[in-house]
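Reading through the structure tokens given below for one structure.
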4 protein chains.
Amino acid sequence: MPPSSTFNNLPSDKQERILDEALSEFAAKGYARASLNRLVSRLGIAKGSIFKYFRDKPGLFSQVFDFSVERVKRHLRRVREDTKGQDVFTRLEISLLAGLEMIAANPRLFQFYLRVMFEGDVPFRGRLLASIRLFSHDYIMDLLTDGVADGQLRADLDLEMAALVVDATLERFLIASVMEHMDTGLCLKDADAAHAAQLAAGLVDTLRRGLGAES
Amino acid sequence: MPPSSTFNNLPSDKQERILDEALSEFAAKGYARASLNRLVSRLGIAKGSIFKYFRDKPGLFSQVFDFSVERVKRHLRRVREDTKGQDVFTRLEISLLAGLEMIAANPRLFQFYLRVMFEGDVPFRGRLLASIRLFSHDYIMDLLTDGVADGQLRADLDLEMAALVVDATLERFLIASVMEHMDTGLCLKDADAAHAAQLAAGLVDTLRRGLGAES
Amino acid sequence: MPPSSTFNNLPSDKQERILDEALSEFAAKGYARASLNRLVSRLGIAKGSIFKYFRDKPGLFSQVFDFSVERVKRHLRRVREDTKGQDVFTRLEISLLAGLEMIAANPRLFQFYLRVMFEGDVPFRGRLLASIRLFSHDYIMDLLTDGVADGQLRADLDLEMAALVVDATLERFLIASVMEHMDTGLCLKDADAAHAAQLAAGLVDTLRRGLGAES
Amino acid sequence: MPPSSTFNNLPSDKQERILDEALSEFAAKGYARASLNRLVSRLGIAKGSIFKYFRDKPGLFSQVFDFSVERVKRHLRRVREDTKGQDVFTRLEISLLAGLEMIAANPRLFQFYLRVMFEGDVPFRGRLLASIRLFSHDYIMDLLTDGVADGQLRADLDLEMAALVVDATLERFLIASVMEHMDTGLCLKDADAAHAAQLAAGLVDTLRRGLGAES
DNA sequence: TATGAATGAGGCTTCATTCAT
DNA sequence: CATGAATGAAGCCTCATTCAT
């Protein structure tokens with residue numbers, strides 16, 4: 001369900017402001033407890049407009065999700081471009097650190113993601129989680145393919161399997177790094193960032209030992 | 001805040017039924033979205049009764065938490081008793097498997113726990129999480145102390161530190177094992193149980209290498 | 001509606017405690033908002049008992065009223081006895097001061113009285129107010145009759161009329177003295193007591209000039 | 001706390017009808033026992049609307065108070081204008097009679113005021129009473145100032161003190177005149193109105209003797 | 001007789017959604 | 001197109017009263 005043309009015709013900064021404020025609301029309260037009343041009053045727009053734009057609360061939610069995930073994807077795709085040609089494990093490590101930075105810089109996004117995962121009655125839940133996993137898988141698959149082409153990975157590697165391992169490892173790392181700090185509101189503090197970087201390096205090293213070419 | 005004497009004077013099967021049904025509601029909907037209306041109508045009791053028993057929605061929640069956690073504790077304490085005298089790492093592995101079995105047998109409990117962790121405005125959140133962590137810490141500390149007495153652990157081991165490592169490792173394992181199956185409603189399927197057991201063995205082996213006595 | 005025999009058979013200190021605590025509740029919350037739940041829980045008795053004793057919330061209220069007013073009447077009757085033989089205006093002044101003291105000592109009583117006057121749906125309201133006024137009238141009538149017999153009052157005085165005037169004057173004085181202090185919770189402070197006494201003297205003096213014998 | 005813009009945008013006759021019906025409810029039942037359910041069903045509007053308009057029960061109450069007091073103030077200010085140039089004591093007497101008439105014409109208003117004074121847990125009680133007292137003080141002060149300018153009052157008069165005396169006297173008179181008729185529902189009957197006017201004249205005469213210029 | 005568990009009506013409040021202007 | 005007033009279901013909670021034990 002795309003947003004209504006009414007919404008698409010809005011000046012794009014207003015579009016962003018609406019989606020951004022909605023992200024804040026969903027991240028703070030989860031899907032069900034998020035209040036469109038609060039949202040429109042913070043935005044200073046009419047309540048009816050939200051329904052014109054997105055038809056529904058589920059519609060808004062879905063849109064916010066796509067918008068937010070797209071922000072992350074854009075950033076990661078750039079990382080992938082910028083590191084083209086480098087060693088595959090270095091690229092993995094840089095990607096992982098980028099993820100950590102994004103979480104630190106904008107915890108709402110990860111909070112939102114966790115809500116989608118753990119709240120029960122979120123609309124489109126299956127679709128949303130699958131969409132994330134798909135991107136994640138493709139992203140890693142890309143890196144690995146490059147790595148094989150450059151001879152940095154064992155030639156006999158089952159790429160699908162390897163992607164699964166890497167994906168799971170990285171995601172679990174991110175979640176774990178967040179979980180240790182749930183008490184303080186899901187926000188990584190600076191001190192921890194350094195520590196996290198060190199851990200990330202170790203993690204990637206482990207992967208290299210498992211998947212890297214022998215030499 | 002103990003439950004009111006009104007509740008304590010109830011026949012204990014009714015007590016259990018109420019707490020159990022409430023656990024289901026909280027596990028399914030989280031704190032805020034759990035509906036006391038739904039609960040009482042499922043229980044077939046009057047709305048007022050719940051408030052006589054627990055005073056509050058937070059009061060009910062707190063009680064359900066204590067009740068549920070106590071069930072887990074009782075079970076684990078028995079595991080600890082039953083394995084007394086065995087090798088410390090074997091005991092850790094058995095405990096871990098017991099945890100996995102409990103999750104498989106009664107996913108509501110773990111779901112409830114995750115809700116407490118990830119939902120924002122849960123009452124007593126800090127206290128509740130701390131209470132779990134404390135038990136977890138004490139439980140492992142006990143095993144390790146026995147292990148040191150029996151010479152199964154390095155004599156120079158910093159027990160507090162070791163307990164922290166083991167605790168974190170085990171908890172993360174449980175959470176991870178659940179997260180892989182969130183899509184299907186937080187329930188481990190049989191096939192996965194076998195796989196999980198294998199992983200658990202590997203995990204414990206790693207710990208043995210790190211903490212075990214040299215011989 | 002007298003209290004049930006069940007209540008009359010109670011040890012009289014328990015009777016008093018129940019009525020006294022009920023007075024507190026009614027004085028603090030008014031009739032409608034007074035909570036029998038709170039009352040029984042403060043008393044530590046079963047909820048059913050209240051209904052056995054007094055049948056109803058109105059029944060309890062009526063009983064509390066009679067009990068409380070009786071306390072005042074007893075006190076004032078004693079004042080009347082103790083001052084027998086003294087000058088009638090002195091007796092009026094002493095009575096007035098006694099009223100002020102009672103208000104200062106136990107504001108709940110007067111608060112309760114004001115609630116009966118100003119709250120809308122109080123049961124038996126008419127009867128209760130009439131009962132107070134009747135006592136008040138008879139009390140003053142008694143003093144005046146003595147005063148006439150002793151030649152302290154003009155012989156041609158219309159006693160009924162005079163009683164009315166005195167009654168209204170005194171009651172208004174009490175209410176006024178309380179109203180000035182409503183903000184502070186209906187309680188006369190010590191400093192004001194002195195002031196009030198002075199005013200009372202002036203008031204009685206005025207009455208003497210209007211009603212007294214010429215000499 | 002002003003009423004929400006939602007309310008201000010309503011056609012003003014609807015605004016008045018809502019506030020007026022709410023005044024009736026509060027006057028009849030007091031704050032705590034006033035029922036918004038009853039109110040909305042009498043008004044024939046949806047329950048949610050009241051909360052959009054006033055946010056709260058306290059919010060509605062506060063608004064009703066301001067609205068009602070404003071009506072009184074408007075009327076009294078007009079009296080003050082219309083009598084400009086007349087003798088200060090005449091103006092006081094007219095004002096007092098105007099107050100009596102308003103009470104007779106619309107007893108709900110005074111009943112409401114008494115509820116605020118005597119009910120315990122009324123929100124904003126302090127602020128509301130103070131607001132009345134302030135107006136009252138300023139009103140009288142105005143009359144007295146004019147009186148001094150015109151040489152109708154003793155030149156050496158302490159205006160603040162005199163205002164206090166007049167204010168207290170008039171207010172007490174109003175309350176007393178109402179209290180005598182509480183049994184019949186706070187409504188002055190016609191017969192009493194005549195009597196009250198006579199008393200008012202006497203009262204003002206007393207003030208003149210105390211405060212007036214000597215000649 | 002005393003108890004206290006059960007009841008359900010009614011209280012205030014929030015919310016997503018609709019629709020006339 | 002935007003607005004925002006109206007709606008009413010559903011939420012939590014309190015209370016007086018009843019009745020089986």
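Listed pair D:Lys47 / F:dG8 fails the phosphate criterion, with no side-chain N or O lying under 4.0 Å from OP1 or OP2. For C:Tyr53 and E:dA2, the shortest distance from a side-chain N or O to OP1 or OP2 is below 4.0 Å. In this structure, A:Lys52 does not reach the F:dC1 phosphate: none of its side-chain N or O atoms is under 4.0 Å from OP1 or OP2. Contact annotation: A:Asn37 side-chain N/O to E:dT14 OP1/OP2 distance is not under 4.0 Å. Contact check, C:Thr6 against E:dT1: a side-chain N or O comes under 4.0 Å of OP1 or OP2.
Of the residues D:Leu39, D:Asn37, D:Leu36, the one that meets the side-chain contact (heavy atoms from CB on, under 4.5 Å) test with D:Lys47 is D:Asn37. B:Phe54 pairs in a ring pair (Phe, Tyr, Trp, His ring centres under 6.0 Å) with only one of the listed residues (B:Phe7, B:Phe65, B:Phe67), which is B:Phe7.
Using a 4.0 Å heavy-atom criterion, one finds that D:Asn9 contacts the sugar-phosphate atoms exclusively. Across all strands shown, B:Ala32 has no heavy atoms under 4.0 Å from either base or sugar-phosphate atoms. Counting non-hydrogen atoms under 4.0 angstrom, A:Ser49 reaches a base of the nucleic acid. Among the atoms of the strands shown, none is found under 4.0 Å from any heavy atom of B:Ile50. Using a 4.0 Å heavy-atom cutoff across all strands shown, C:Leu10 reaches sugar-phosphate atoms only and no base atom.
Looking at B:Arg127 and B:Ser62, their side chains do bring a donor and an acceptor atom within 3.5 Å of each other.
The nearest whole Å value for the distance from the CZ atom in D:Arg33 to the P atom in E:dG11 is 10 Å. The nearest whole Å value for the distance from the CG atom in D:Leu39 to the C1' atom in E:dG11 is 14 Å. Whole-Å rounding puts the C:Arg38 CZ to F:dC15 C1' distance at 10 Å. D:Phe54 has its CZ atom 12 Å from the P atom of F:dA5, to the nearest Å. Nucleotide F:dT7 holds its P atom 17 Å from the CZ atom of A:Phe51, rounded to whole Å. B:Arg55 places its CZ atom 11 Å from the C1' atom of F:dT14, with the value rounded to the nearest Å. The CG atom of D:Asp121 sits 16 Å away from the C1' atom of E:dC12 (whole-angstrom rounding).
Using modelled atom types, no side-chain atom of B:Arg108 and backbone atom of B:Ala27 make a donor-acceptor pair closer than 3.5 Å. Within the 3.5 Å criterion, the main-chain N or O of A:Asn8 finds a donor-acceptor partner in the side chain of A:Gln15.
Residue-to-nucleotide proximity on DNA chain F shows that, of C:Ser35 and C:Gly48, the 5′-proximal contact is made by C:Ser35. The residue among C:Ala46 and B:Ala46 whose nearest nucleotide of DNA chain E lies closer to the 5′ end is C:Ala46. Of the two residues near DNA chain F, B:Tyr31 and D:Phe7, the one whose nearest nucleotide lies more 5' is D:Phe7.
With E:dT1, F:dC12, E:dC12 as the choices, the nucleotide that has an atom nearest any side-chain atom of D:Leu36 turns out to be E:dC12.
Contact annotation: the side chain of D:Val64 never approaches that of D:Glu25 to less than 4.5 Å [non-hydrogen atoms, C-beta and beyond].
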Item to check | salt bridge (Lys or Arg N to Asp or Glu O under 4.0 Å) assessment of C:Arg71 paired with C:Asp66 | outcome: CA-CA 9 Å; C:Arg71 285 213 295 220; C:Asp66 290 348; over 6 Å; no
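Ring pair C:Phe61/C:Phe112 is tilted by interplanar angle, where 30° to 60° counts as tilted.
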Checklist outcome for this item: Output field dot_bracket for DNA chain F (Watson-Crick or G-U, both distances under 3.5 Å, | for other-strand pairs) contains .||||||||||||||||||||
